[in-house]
There are 2 protein chains.
Amino acid sequence: MRLGLKEDEAGKKTSMQSTTCEVLTIWEVLGKRWALLILKNLSTKEAIRFNELKKVLSGISSTVLSERLFELEGEGLVSKKIYTQIPPKVEYSLTTRAKELEVILKDLGKWASRWKYLEGTKTMAAATAGKKNI
Amino acid sequence: MRLGLKEDEAGKKTSMQSTTCEVLTIWEVLGKRWALLILKNLSTKEAIRFNELKKVLSGISSTVLSERLFELEGEGLVSKKIYTQIPPKVEYSLTTRAKELEVILKDLGKWASRWKYLEGTKTMAAATAGKKNI
DNA sequence: CGGTATCCTAGCTGATACTG
DNA sequence: CAGTATCAGCTAGGATACCG
């Protein structure tokens with residue numbers, strides 16, 4: 001199973017980092033592509049279904065979405081409600097834990113936008129150099 | 001140049017996401033491996049030299065360290081002080097912006113550890129399933 | 001509908017070797 | 001010392017096809 005393997009890696013990577021900072025463990029999950037978007041979209045709707053989510057996150061594949069959702073659930077950020085029926089129906093929603101995270105993320109967002117327009121300084125040199133491949 | 005290409009990607013990736021959330025742009029940089037560690041180590045020392053940093057982050061290669069440092073500089077999180085001399089000497093340090101980020105990161109860390117030991121609930125099922133490959 | 005299994009590619013990463 | 005160029009391995013991510 002693919003997920004199993006991933007966790008193993010994560011374990012390997014964090015093994016030498018987790019001692020340094022708790023944040024890194026979370027980062028292993030949140031830092032991954034789509035993770036944040038998923039959380040964000042989940043926060044707008046109360047509950048959302050798989051394909052609905054997939055539609056919103058245009059570009060993501062079922063594989064990855066499923067994977068991220070699984071990881072997020074493992075971290076206790078997302079809860080899954082399964083309706084055993086045909087056709088299947090599964091609803092995802094944020095947990096209390098994730099709600100708390102939202103606040104922090106919002107702070108991060110504020111921080112990000114606060115500095116976004118102040119790049120006219122010396123740091124701009126590097127930024128520009130990077131954007132337009134020298 | 002390798003760095004140039006990376007920025008292009010970042011631009012491409014965020015193009016459809018940045019409108020959704022400012023955080024994502026930062027995440028493109030912070031989410032990358034080593035980025036957080038670098039920031040963390042920079043915060044302990046006032047200023048640090050390239051190889052010194054490389055030594056602390058045992059496992060990282062010059063290539064990646066240089067790359068990350070460049071990206072972080074582009075985001076205005078790290079400042080570089082070059083001493084034109086032989087042998088070369090370059091010191092890296094955190095910018096004011098990064099100092100602010102630290103606070104947020106610390107909150108994130110608190111959040112992370114606060115929940116770390118409460119995984120004995122239903123969320124544990126998924127967590128366990130993930131950790132030990134079913 | 002909601003996933004999982006499989007294959008395949010792109011890009012991140014790290015080791016090595018080489019400049020200023 | 002502080003990188004950069006180059007090469008090679010590995011893995012995440014996407015597309016497809018197929019079950020419950």
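Here is how names work: the chains are called A, B, and so on, in the same order as the sequence lines, proteins then strands, and each is numbered from 1.
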Q: Closer to the 5' end of DNA chain D via nearest nucleotide, is it A/Ile60 or A/Pro87?
A: A/Ile60

Q: So does B/Tyr92 get a side-chain nitrogen or oxygen closer than 4.0 Å to the phosphate oxygens (OP1/OP2) of D/dC1?
A: no

Q: Just to confirm, is there a sub-4.0 Å distance from OP1 or OP2 of D/dG20 to any side-chain nitrogen or oxygen of A/Lys89?
A: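 False: A/Lys89 side-chain N/O out of range (4.0 Å or more) of D/dG20 OP1/OP2.
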
Q: Take atom CD of A/Gln85 as the centre, draw a 6.0 Å sphere, and report whether it contains more than 12 heavy atoms from other residues, nucleotides or ligands.
A: yes

Q: Where the side chain of B/Arg33 is concerned, which of D/dG14, C/dG3, C/dG14 is the nearest nucleotide?
A: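 Selected nucleotide: C/dG14.
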
Q: Please confirm whether the shortest side-chain N or O distance from A/Arg49 to OP1 or OP2 of C/dG2 is below 4.0 Å.
A: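 A/Arg49 to C/dG2 OP1/OP2: side-chain N or O found under 4.0 Å.
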
Q: What is the distance from CG of B/Leu53 to P of D/dA2, rounded to the nearest Å?
A: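 After rounding, the gap between these two atoms is 10 Å.
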
Q: Please report, rounded to the nearest Å, how far the C1' atom of C/dA15 is from the CG atom of B/Leu65.
A: 15 Å

Q: Under 3.5 Å, is there a donor on one side chain and an acceptor on the other for A/Lys54 and A/Ser62?
A: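 Looking only at side-chain atoms, A/Ser62 and A/Lys54 do form a donor-acceptor pair, the distance falling under 3.5 Å.
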
Q: Of all the choices, C/dG14, D/dC1, C/dT4, which nucleotide is nearest to the side chain of A/Ser62 once you look at every atom?
A: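 Output: C/dT4.
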
Q: Atom CZ of A/Arg68 and atom P of C/dG3: how far apart are they, to the nearest Å?
A: 15 Å

Q: How about A/Lys99: does its NZ atom have over 12 heavy atoms from other parts shown lying under 6.0 Å from it?
A: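 It does: A/Lys99 NZ has more than 12 such atoms within range.
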
Q: Does atom NZ (A/Lys89) have a neighbourhood of more than 12 heavy atoms from anything else shown, all under 6.0 Å?
A: yes

Q: Please report the distance, rounded to the nearest Å, between NZ in A/Lys32 and P in D/dG14.
A: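 That distance rounds to 13 Å.
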
Q: Is the distance from OP1 or OP2 of D/dG3 to the nearest side-chain N or O of B/Ser66 less than 4.0 Å?
A: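 Answer no for this pair, as no side-chain N or O of B/Ser66 is under 4.0 Å from OP1 or OP2.
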
Q: So, applying side chain to side chain contact (heavy atoms under 4.5 Å, CB included) with B/Tyr92, which one of B/Leu69, B/Leu72, B/Ile38 is it?
A: B/Leu69

Q: Measure CG/A/Leu72 against C1'/C/dG3 and give the value in whole Å, please.
A: 16 Å

Q: Between A/Lys54 and A/Ile86, who's closer to the 5' end of DNA chain D by nearest nucleotide?
A: A/Lys54

Q: Once you round it to whole Å, what is the distance between C1' of C/dG3 and CD1 of A/Ile48?
A: 16 Å

Q: Rounded to whole angstrom units, what separation is found between the CG atom of B/Leu57 and the P atom of D/dG3?
A: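 One finds 14 Å between P of D/dG3 and CG of B/Leu57, rounded.
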
Q: Treating B/Arg68 as the side-chain partner and B/Arg33 as the backbone partner, does any N or O pair qualify as donor plus acceptor under 3.5 Å?
A: yes

Q: Nearest to the side chain of B/Thr63, heavy atoms from C-beta on, is which of D/dA2, D/dA5, D/dT4?
A: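 Selected nucleotide (nearest to the side chain): D/dA5.
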
Q: Starting the side chain at C-beta, find the nucleotide from C/dT4, D/dG3, D/dG13 nearest to A/Glu67.
A: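 The answer is D/dG13, which lies nearest to the side chain.
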
Q: Can you identify which nucleotide, out of D/dG14, C/dG2, D/dA2, has its nearest atom closest to the A/Pro88 side chain?
A: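 Nearest nucleotide to the side chain: C/dG2.
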
Q: Between C/dC12 and B/Trp34, is there an OP1 or OP2 to side-chain N/O distance shorter than 4.0 Å?
A: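 Result: no.
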
Q: Starting at NZ of B/Lys81 and ending at P of D/dA2, how long is that distance when rounded to a whole Å?
A: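 Roughly 14 Å, once rounded to whole Å.
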
Q: Taking 4.0 Å as the cut-off, does a side-chain nitrogen or oxygen of A/Tyr83 come that near to OP1 or OP2 on D/dG20?
A: no

